[in-house]
Amino acid sequence: MTHDPLIQFRSAAERVMAQALGKLGVESGQIAFDDPPEGMGDLAFPCFALSKSLRRGPAQIAQELAAAGKTPEIASVKAAGPYVNFTFDDKLLTKATLEAVLRNGAAYGSHPRSGKRVLLEHTSANPTDRLHVGRGRNPIIGDTLARALRMSGCDVDTQYYLDDMGRQAAMRLMAERHGKTYQWAAGLVEAERQDPEAVERRAELDAIVKGAERGDTALIAELQAICKKVMEENISPVLRLISAEPDTYVSESKFVVDGSVGRAVDGLRASGKCGEDDGALFIDLAPFGVSGRTSRFFLTRGDGTSLYPARDVAYHVWKNGQCDRAINILGEDHKTESRGVEVALRALGQENVPDVLFYSFVSLPEGKMSARKGRVVYLDDLVEEAIDLAKEEVAKRRPELGEERRADIAKAVGVAAVRYNIVRTQPEKQMVFKWEEALNFEGNSAPFIQYAHARACSILAKAGNIPSNYNPSLLAHEMELRLVRRLAAFPSLIAKCARDMTPHLLASYAFLLASDFNQFYRDCPVLVAEGDARGARLALVQASRLALRSALNVLAIEPLEEM
RNA sequence: GCCCGAGUGGGGUAGCUUGGACAUCCUAGAAGCCUGCGGAGCUUCAGACCUGGGUUCGAAUCCCAGCUCGGGCGCCA
């Protein structure tokens, strides 16, 4: 059974259209409908393309097509200039939509399980420092997309690829061994100092890195332990705070230890697609559109030890063994690396390559974020700030609530404001972080949507029982019909977001739904409505509440019942 | 230098894949609404497709060039 109320209406329009086209002697393959402007119906069929073969003006063709027959689902078919516009029957649409929402409850928008396995990798920041807002875009985009995929019917595993093999992990370990900070290690290693200590430490670091890459299990265990500690201290807490913790942490070292990095390297060497420079294995990416000072994608060093790309390839081979679709959320600095992995996977005969969603970095008004220059906003600080601000607002608005309840509300509002503010923008757009925008609680913001939900809850609480029988044809006000159409659009939106990897559309949908609900609320009194209108409106409020709840869930925003 | 993205009202942003009907919405600004279900609300006004070519009956959308901003161009990750 489908959960999308619009399907029967769209296919009815397609049938009508196919018949009309048949009468004009036109082969109807795929019928592509457009969205007409507000107030001009539900589906539009543009006639420009037919103009040439029929040797008539598109407006005239539209006239002829509009004379087509009707079905119960289609209330009107009208020519409007070069378009044929279809309008769905309000009563049937309202009935089908409310039934679909009320039957599915807060799971409305979900599709039946398809059994398709999706492995979505997100965040994967090196275990060194806290996440700053720039990188913080990653878990929020990734987690939202994962939720949309689950709703679209996929089985999803979200993974954090934990780099415990690189120089940064090694520096952490070295610092730990000497009882010093990471900054101490970074300072010694990165500076060009020639003093004996720096030279010695660089040698030690080199020994750690290469030892691990050769598969020294005791050393790897040490690295894993330190990385785990760093994750627990710096990164996992904020991921939990924003409800974006991945299902699984996957250690890079795993692929060295189990030999799959070695197999990947051997396979690539055998593929004949690689070059060698002084013993170092590489793939030339020049034929694949990568260009610059060098286009070499190095897999190993001259001494045979593996480099990050080789381990990344091994990880992706493993991924392909356990999913039907792999999705990576990556910063735009990984574009070339990602291209290299894709080329390598193909060279190994892998048919699946990951779908990659790149996001641009968030900068500050003063410029690029840089921890070293002290010019950085950390994600956990931002969330704390948002919670504090929300606390003040709640104290002002709801002084009668107990302190604990107010704190819970403030947390839900603060986290939501941050998540929403980040996910609402298309990932590939650059963002300049501004406190006043991130902490905006009005207009296009999470609290606005949460408020609409709380308002719906409040109406329902006052109403008492919601009658199970209601007459959908009583919902005829312009705002009621607009709200019904918005509700109806949700399941297909979920499918689109999951397919096209467009989580930002979920944010704008939730906002539009809340807006439509507010306008309905203004124009259509519910509790004081006369006779049967009250019951019908209550059903619409209930459906709105459930759909808002579902839309907020996919954004990982807590649907507060009061605030 | 070469390669990859992005440029939409004062600020931000949707639409771009698949070219079409008055370019979406938020914010800041101006003016209003409220003895009604929670004002984190609602209404009205004003304001934008980087520039120049091209393709087309038609371009924010496709193509080319330029400019601006991000990113990449390590035997780092």
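In this structure, of B:G72, B:G7, B:G41, it is B:G72 that holds the atom nearest to the side chain of A:D333.
Donor-acceptor pairing under 3.5 Å, judged by distance alone, is present between the side chain of A:R293 and the base of B:C73. No donor-acceptor contact under 3.5 Å links the side chain of A:N518 to the base of B:A40. A donor and an acceptor atom never sit less than 3.5 Å apart when one is taken from the side chain of A:Q519 and the other from the base of B:C42.
Looking at heavy-atom distances under 4.0 Å, A:Q450 makes no contact with the nucleic acid at all. A:A44 comes within contact range of at least one nucleobase, with a heavy-atom separation under 4.0 Å. Here A:G302 lies in heavy-atom contact (under 4.0 Å) with a base. No engagement by A:D312 is indicated, since no non-hydrogen atom pair under 4.0 Å with the nucleic acid exists. As judged by a 4.0 angstrom heavy-atom cut-off over every strand, A:R398 is placed among the base-contacting residues. Residue A:F448 is in sugar-phosphate contact alone, with no base atom involved, counting any heavy-atom pair closer than 4.0 Å across all strands shown. Base contact: A:R397 has a heavy atom under 4.0 Å from a base atom. Using a 4.0 Å heavy-atom distance criterion, A:C457 is classed as making no nucleic acid contact. At a threshold of 4.0 angstrom between heavy atoms, the contacts of A:P525 include nucleobase atoms, whether or not backbone atoms are also involved. Here A:E442 lies in heavy-atom contact (under 4.0 Å) with sugar-phosphate atoms only. Here A:M431 lies out of heavy-atom contact (under 4.0 Å) with every strand. Among the heavy atoms of the strands, none lies under 4.0 Å from A:V528.
The stacking criteria are not both satisfied for A:F361 over the base of B:G71, which would need a centre-to-centre distance under 5.5 angstrom and an angle between ring planes under 30 degrees. An aromatic stack links A:Y521 and the base of B:C37, using centre distance under 5.5 Å and interplanar angle under 30°. A stacked arrangement is assigned to A:F48 and the six-membered base ring of B:G20, with a centre-to-centre distance below 5.5 Å and an interplanar angle below 30°.
Residue A:Y509 places none of its side-chain N or O atoms closer than 4.0 Å to OP1 or OP2 of B:A14. The phosphate of B:U43 has OP1 or OP2 within less than 4.0 Å of a side-chain N or O from A:R522. Contact annotation: A:K396 side-chain N/O to B:A40 OP1/OP2 distance is not under 4.0 Å. Between A:R424 and the phosphate of B:A14, there is no side-chain N or O to OP1/OP2 separation shorter than 4.0 Å. OP1 or OP2 of B:G15 has at least one side-chain nitrogen or oxygen of A:H504 nearer than 4.0 Å.
Both distances falling under 3.5 Å, in either a Watson-Crick or a G-U wobble arrangement, place B:G41 opposite B:C33. Base pairing analysis places B:U13 opposite nothing; no Watson-Crick or G-U wobble pair with both distances below 3.5 Å involves it. If you check B:A46 for Watson-Crick or wobble pairing at under 3.5 angstrom, you find it has no partner at all.
Screening A:R201, A:R167, A:R301 for a salt bridge (charged side-chain N to carboxylate O under 4.0 Å, His left out) involving A:D206 leaves a single residue, A:R167.
Side-chain N or O atoms of A:S370 include one that pairs as donor or acceptor with a backbone N or O of A:K373 at under 3.5 Å.
A perpendicular orientation is assigned to the rings of A:F433 and A:W435, their planes being inclined by more than 60° (bins at 30° and 60°).
The local environment of NZ in A:K411 is sparse, with at most 12 non-hydrogen atoms from other residues, nucleotides or ligands closer than 6.0 Å.
If you look at A:Y83 and A:F33, their ring centroids are not closer than 6.0 Å.
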